[in-house]
Amino acid sequence: MRPDLRPDRGGGVALSTLTDLLAEHTGLSGAAVDHLQLVVAEWQLLSDLSFADFLLWVPLDDTTFLCVAQARPTTAPTAHPEDVVGSTVDVEEHPQLRRAMAESRICREEDPRWHLGVPVRREAIPVRRGDEVIAVLSRNTNLAVPRVPSPLEISYLGSAADLCQMISDGTFPTTEPSPDVHTSPRVGDGLIRLDASGAVVFASPNALSAYHRMGHASDLVGVHLAPLTRSLIGDPFDATEVAQRIRSALDGQPSMRIEAESRRGAAVLFRALPLRPRGSAAGALVLCRDVTEVRRRDRALMSKDATIREIHHRVKNNLQTVAALLRLQSRRTSSEEAREALAESVRRVTSIALVHETLSMSVDERVDLDDVVDKVIPMMSDVAATESQVVVRREGPFGIVQAELATPLVMVLTELVQNAFEHAYTAGQHGEVVVHAERSAKWLDVVISDDGRGLPPGFSLERTDRLGLQIVRTLVESELRGSLSLRRRPRGGTEAVLRVPLRARR
């Protein structure tokens with residue numbers, strides 16, 4: 001076996017996908033490539049049932065084959081710990097490949113060969129599509145670990161033999177309906193073999209446990225599975241659907257997976273596959289997986305998420321009530337200084353309420369900060385418009401942040417923008433405040449700049465007595481664990497430079 005991987009431009013190895021390798025090395029049509037994709041999507045089932053590795057080979061010429069995909073079993077030791085994809089083999093080393101293509105039949109190797117110090121038995125299975133053999137599967141079994149024949153092993157190998165023959169016949173896998181294999185039950189989850197009449201001839205221990213959870217107390221062997229399963233499922237529609245899919249598989253029709261809940265509350269995934277080697281009805285395979293605990297955790301998480309969102313919604317409503325009470329109190333006071341203080345409190349409370357409003361609609365305790373800032377800025381612009389002609393605009397993305405960062409960050413931004421409104425411009429003066437954000441993998445950098453009068457002489461952020469800036473310093477240092485600085489702009493005005501780490505705090 002010779003390596004044939006192409007070096008990439010960086011000097012490493014270019015790892016090609018199945019589609020890339022087929023497009024580069026073969027002239028197969030789109031339909032043939034799609035069929036090979038379906039084979040690869042299903043062959044983990046074959047590998048586990050066979051206790052063997054599967055390699056997919058395509059001919060490059062009359063004497064050379066290229067490996068374009070590889071699968072290892074989860075039920076037995078692998079025969080190929082190395083990556084075989086991209087390597088080539090000639091017919092002298094693996095004559096069964098060309099023989100399987102030429103004779104359109106499964107070719108078995110009588111004597112095992114040694115590979116990396118391990119005895120390996122090889123078989124070649126032609127992959128047929130219509131009247132044409134388009135590739136060959138090599139089933140390689142590691143013989144280093146002795147196996148004692150058991151009902152499970154015999155049933156697994158017999159089912160694998162039927163499915164491999166169906167690949168050679170061109171009847172497996174099928175394109176309709178979509179197999180949905182990535183979320184379907186696997187061999188190790190639970191396997192039931194049915195005879196042509198629909199009676200159980202073998203049930204793996206995990207399959208038997210799943211049916212015990214559903215309410216069937218005795219053994220499954222000899223029982224007709226479709227009516228039994230129908231009697232155990234609570235919902236009449238689901239019961240009929242699962243039973244019909246099992247019967248359809250016995251009639252030669254494949255089906256997608258389906259989930260149903262038993263009368264006792266056990267949730268089980270089912271998938272039925274027909275077994276028809278050489279066109280003869282040989283029964284069906286039913287894969288099943290008990291997902292009761294998974295669904296219970298899902299429901300618990302959904303309930304928890306709904307509770308958290310409801311809490312955020314109620315907090316938002318309470319904060320809006322507080323803001324309304326503060327506005328009412330502001331109208332009743334005669335002190336201008338008190339009214340300004342109450343107005344600032346209303347603004348702060350409203351900013352926090354906006355964050356909770358966003359969290360009440362989030363499913364993962366994360367906040368789209370761009371959405372919140374775009375709601376806060378118009379609110380602040382309306383307040384500023386009564387005293388000056390200053391506009392505010394945002395540049396760059398803030399992105400999505402964790403909930404624990406959102407509230408202090410929004411408060412810091414609103415305080416800094418409000419500080420620019422109050423201290424950078426005189427009444428009636430035109431101006432512009434720009435909130436510029438830049439985000440990297442680890443940091444969020446924000447610069448809030450104005451074109452106003454600039455910082456007063458001798459100004460110090462550490463010694464200022466302004467309440468807003470004191471709040472900002474406290475939030476930046478204790479909550480955000482970031483840094484803040486105020487500096488003069490070269491062209492006049494002031495810049496507030498904020499840097500916040502985005503990594504999780506401990």
Side-chain angles (χ1 to χ4, degrees), residues 1-2 4 18 21-22 25-29 31-73 78-80 84-115 119-143 156-174 275-280 282:
M1 190 175 295
R2 304 189 302 274
D4 192 39
L18 171 61
L21 289 169
L22 292 175
H25 297 285
T26 74
L28 292 175
S29 65
V33 172
D34 291 342
H35 185 74
L36 293 181
Q37 294 279 13
L38 287 174
V39 171
V40 170
E42 290 279 16
W43 70 352
Q44 189 62 53
L45 170 67
L46 296 173
S47 181
D48 291 341
L49 288 173
S50 301
F51 308 100
D53 292 66
F54 273 73
L55 306 176
L56 179 59
W57 300 92
V58 292
L60 297 180
D61 50 45
D62 291 339
T63 61
T64 309
F65 284 79
L66 171 70
C67 180
V68 293
Q70 175 180 8
R72 298 183 178 94
T78 179
H80 291 281
V84 186
V85 176
S87 63
T88 58
V89 66
D90 56 45
V91 294
E92 292 184 2
E93 184 179 354
H94 203 332
Q96 291 83 4
L97 296 179
R98 186 168 64 176
R99 189 180 308 136
M101 286 202 73
E103 301 177 9
S104 299
R105 66 178 181 86
I106 298 176
C107 298
R108 293 177 173 86
E109 188 174 54
E110 295 182 358
D111 298 324
R113 297 198 174 200
W114 289 85
H115 177 71
V120 176
R121 183 179 64 237
R122 300 186 301 185
E123 300 172 78
I125 304 159
V127 180
R128 176 183 293 277
R129 180 183 173 273
D131 297 329
E132 181 185 6
V133 175
I134 58 176
V136 182
L137 286 178
S138 177
R139 180 165 61 173
N140 299 355
T141 305
N142 184 337
L143 301 178
Y156 276 26
L157 292 174
S159 301
D162 289 342
L163 290 173
C164 288
Q165 183 60 51
M166 291 170 67
I167 288 179
S168 179
D169 298 338
T171 58
F172 181 80
T174 58
L275 295 177
R276 292 202 162 220
R278 298 185 176 88
S280 301

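A donor-acceptor pair under 3.5 Å is formed between the side chain of D169 and the backbone N or O of R278. Counting only distance, with no hydrogens or angles, the side chain of D53 and the backbone of A79 share a donor-acceptor pair below 3.5 Å. Using a distance-only test at 3.5 Å, with no hydrogens or angles considered, a donor-acceptor pair links the side chain of Q70 to the main chain of V84.
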Verdict with reasoning, V58 to L21, per side-chain contact (heavy atoms from CB on, under 4.5 Å): CA-CA 10 Å; V58 292; L21 289 169; over 6 Å; no

Worked verdict on F54 versus C164 for side-chain contact (heavy atoms from CB on, under 4.5 Å): CA-CA 11 Å; F54 273 73; C164 288; 4.1 Å; yes

Show the numbers, then the answer: is there a side-chain hydrogen bond (donor to acceptor under 3.5 Å, both in side chains) between T64 and D61? CA-CA 6 Å; T64 309; D61 50 45; 3.3 Å; yes

For a side-chain contact (heavy atoms from CB on, under 4.5 Å) check, start with the C-alpha distance between R105 and R99, then their side-chain angles and the critical distance, and finish with the verdict. CA-CA 8 Å; R105 66 178 181 86; R99 189 180 308 136; 3.9 Å; yes

Checking L60 against F65 for the side-chain contact (heavy atoms from CB on, under 4.5 Å) test, could you report, in this order, the C-alpha distance in whole Å, the side-chain angles of both residues, the deciding distance, and whether it holds? CA-CA 5 Å; L60 297 180; F65 284 79; over 6 Å; no

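Inter-residue side-chain proximity for T171 and R276 is flagged as unmet; no heavy-atom pair is nearer than 4.5 Å. Using a 4.5 Å heavy-atom threshold, the side chains of V91 and L97 count as separate.
Counting all heavy atoms, side chain and backbone alike, A71 lies closest to Q44 at CB-OE1, 4.4 Å. Considering all non-hydrogen atoms of both residues, A100 and P126 come closest at O-CB, 3.6 Å. Among all heavy-atom pairs drawn from F51 and L157, the shortest one is CD1-CD2, 3.8 Å.
Residue L49 holds its CG atom at 6.0 Å from OG of S159, rounded to the nearest 0.5 Å. The CZ atom of F172 lies 13.5 Å from the CD atom of Q165; values are rounded to the nearest 0.5 Å. With rounding to the nearest 0.5 angstrom, the CH2 atom of W57 is 4.5 Å from the OG atom of S87. Atoms CZ and SG, from R122 and C107 in turn, are 12.0 Å apart once rounded to the nearest 0.5 Å. Rounding to the nearest 0.5 Å gives a distance of 5.0 Å between CD1 of I106 and OG of S168. Summarising the geometry, atom CZ belonging to R129 is positioned 10.5 Å from atom CG belonging to L38; distances are rounded to the nearest 0.5 Å.
In summary, of the residues considered (I134, L56, V33), a side chain to side chain contact (heavy atoms under 4.5 Å, CB included) with L22 occurs for V33 alone.
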Table please: side-chain donor-acceptor pairs of residues 135-143 below 3.5 Å, with sequence neighbours left out.
unit_1: S138; atom_1: OG; unit_2: H94; atom_2: NE2; d: 3.3
unit_1: S138; atom_1: OG; unit_2: N140; atom_2: OD1; d: 2.6
unit_1: R139; atom_1: NE; unit_2: E123; atom_2: OE2; d: 3.2
unit_1: R139; atom_1: NH1; unit_2: S50; atom_2: OG; d: 3.0
unit_1: R139; atom_1: NH2; unit_2: E123; atom_2: OE1; d: 3.2
unit_1: R139; atom_1: NH2; unit_2: E123; atom_2: OE2; d: 3.3
unit_1: N140; atom_1: ND2; unit_2: H80; atom_2: NE2; d: 2.8
unit_1: N142; atom_1: OD1; unit_2: A144; atom_2: N; d: 2.8
unit_1: N142; atom_1: ND2; unit_2: T78; atom_2: O; d: 3.0

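S104 and R128 form a side-chain donor-acceptor contact under 3.5 Å, judged by distance and modelled atom types alone.
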